[in-house]
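Quick note on labels: first sequence line is chain A, next is B, and so on, each numbered from 1. The structure presented is a predicted model; accordingly, all values stated were derived computationally and were not measured.
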There are 2 protein chains.
Amino acid sequence: MRISARADYAVRAALELAAAGDDTSLKAEAIAEAQGIPHKFLEGILGDLRRGGLVVSQRGGKGGYRLARPADSIPIADVIRVADGPLVSVRGVRPPDLSYIGPAESLLPLWIAVRANVRKILGEVTLADVAAAKLPDDVLSLADDPEAWTNP
Amino acid sequence: MRISARADYAVRAALELAAAGDDTSLKAEAIAEAQGIPHKFLEGILGDLRRGGLVVSQRGGKGGYRLARPADSIPIADVIRVADGPLVSVRGVRPPDLSYIGPAESLLPLWIAVRANVRKILGEVTLADVAAAKLPDDVLSLADDPEAWTNP
DNA sequence: TGTTTCCCTACCAATTCACTAGGATTCCCG
DNA sequence: CGGGAATCCTAGTGAATTGGTAGGGAAACA
């Protein structure tokens with residue numbers, strides 16, 4: 001299960017906007033530099049966020065991007081979906097569209113459970129939470145377990 | 001977050017072996033047909049499972065593959081790791097190897113929490129559980145929520 | 001010895017990924 | 001009403017990954 005560069009970049013760009021405040025706007029170039037993201041690549045991602053209604057843009061001298069809604073009303077899951085498609089997919093199709101036979105039949109509810117558990121986190125945590133470094137308690141308790149940081 | 005065809009195929013093949021019993025061996029061709037997986041592609045995957053120590057093989061007339069350990073001692077996570085690498089990665093690197101700056105700093109614990117939540121399921125559920133269609137209660141309760149089956 | 005099966009290397013087409021180029025368009029400001 | 005500064009759009013590109021094929025060599029068993 002891999003999270004693509006697009007998704008990662010999109011979230012980080014949105015976090016910069018969240019940190020800047022709902023009414024200040026940032027230029028793509030400034031975000032790119034702050035987060036070490038290739039500028040033109042980021043422009044494409046910001047275009048997706050705009051078309052997805054998460055961000056509004058302004059051209060010209062005092063232009064830039066800002067969040068379309070308050071940062072505490074935008075869950076991380078929304079950013080990832082808009083920039084990169086479905087949160088979780090198996091072979092490119094979403095879990096409910098799969099079908100398995102024989103001893104693999106229970107694989108479907110298993111993938112559903114995995115997706116539900118991913119959603120529980122990414123759907124609950126908002127841009128404001130991460131930007132302010134104030135993750136919800138249940139997420140923190142997951143991340144605080146030293147076991148969770150070990151490799152295999 | 002996508003689960004690759006390799007990972008999906010690997011788990012389904014392992015489930016066929018689990019259903020066949022720890023001492024019966026199945027030919028690659030039989031597994032391929034039962035699960036609708038391209039035969040030669042599957043051979044490569046079974047080779048990975050063998051090198052990963054999850055499966056043992058036997059050549060010749062009465063040959064085939066069988067599980068190297070009892071099915072109830074092999075979590076799904078192991079199969080995916082052996083066939084497809086790390087369970088969860090961001091831009092191809094594992095969460096603990098990432099580093100973020102500025103308002104994105106709390107992204108790291110967030111990815112860790114996501115990974116922990118995925119592990120909690122795939123590390124707990126074994127091949128035997130899925131093959132017998134008897135998922136653990138906590139997983140079932142996640143999959144039973146109708147909300148978990150809706151699309152976005 | 002011959003059949004059956006795994007095993008190995010190599011290859012392939014298509015897609016995706018991550019990124020770049022260059023210009024058109026729109027906006028504010030002086 | 002220009003002119004610079006930004007976004008916006010289309011297109012392209014090299015490398016890697018994905019998903020799959022082909023063909024033959026090596027071992028086990030009858």
Q: Round to a whole Å and report the spacing from CG of B:L46 to C1' of C:dT5.
A: 12 Å

Q: I'd like to know if B:D97 and B:R94 make a salt bridge, using a cut-off of under 4.0 Å between side-chain N and carboxylate O.
A: no

Q: Check whether any side-chain nitrogen or oxygen of B:K62 sits under 4.0 Å from OP1 or OP2 of D:dC29, and answer yes or no.
A: no

Q: Heavy-atom count around B:N151 CG within 6.0 Å, excluding the residue itself: above 12?
A: yes

Q: Tell me the interatomic distance from A:E29, atom CD, to D:dC8, atom P, rounded to whole angstroms.
A: 15 Å

Q: So, are B:R69 and B:D78 salt-bridged, with charged N and O less than 4.0 Å apart?
A: yes

Q: Roughly, in whole Å, what's the span from CD1 in B:I45 to P in C:dC8?
A: 16 Å

Q: Round to the nearest Å and state the distance from A:Y65 atom OH to D:dA5 atom C1'.
A: 13 Å

Q: Under 3.5 Å, which protein N or O atoms sit close to an N or O of nucleotides 21-25 of chain C? Give each pair with its distance.
A:
| from | atom 1 | to | atom 2 | distance (Å) |
| --- | --- | --- | --- | --- |
| C:dG22 | O6 | A:K40 | NZ | 2.6 |
| C:dT25 | O2 | A:R59 | NH1 | 2.9 |

Q: Among D:dC8, C:dC8, C:dC27, which nucleotide sits nearest the side chain of A:Q58?
A: C:dC27

Q: Taking only N/O atoms, report every protein-nucleotides 16-20 of chain D pair under 3.5 Å with atom names and distance.
A:
| from | atom 1 | to | atom 2 | distance (Å) |
| --- | --- | --- | --- | --- |
| D:dG19 | OP1 | B:R2 | NH2 | 3.4 |
| D:dG19 | OP2 | B:A5 | N | 3.3 |
| D:dG20 | OP2 | B:Y9 | OH | 3.2 |

Q: What is the separation between atom NE2 on B:H39 and atom P on D:dA22, rounded to the nearest whole Å?
A: 12 Å

Q: Any Lys/Arg nitrogen of B:R2 or A:D84 sitting under 4.0 Å from an Asp/Glu carboxylate oxygen of the other?
A: no

Q: Return yes when atom CZ of B:R119 has more than 12 non-hydrogen atoms of other residues, nucleotides or ligands closer than 6.0 Å, and no otherwise.
A: yes

Q: Would you list the protein and nucleotides 1-3 of chain C atom pairs, both N or O, that sit under 3.5 Å from each other?
A:
none

Q: Is A:R81 atom CZ crowded by more than 12 heavy atoms from other residues, nucleotides or ligands, each under 6.0 Å away?
A: yes

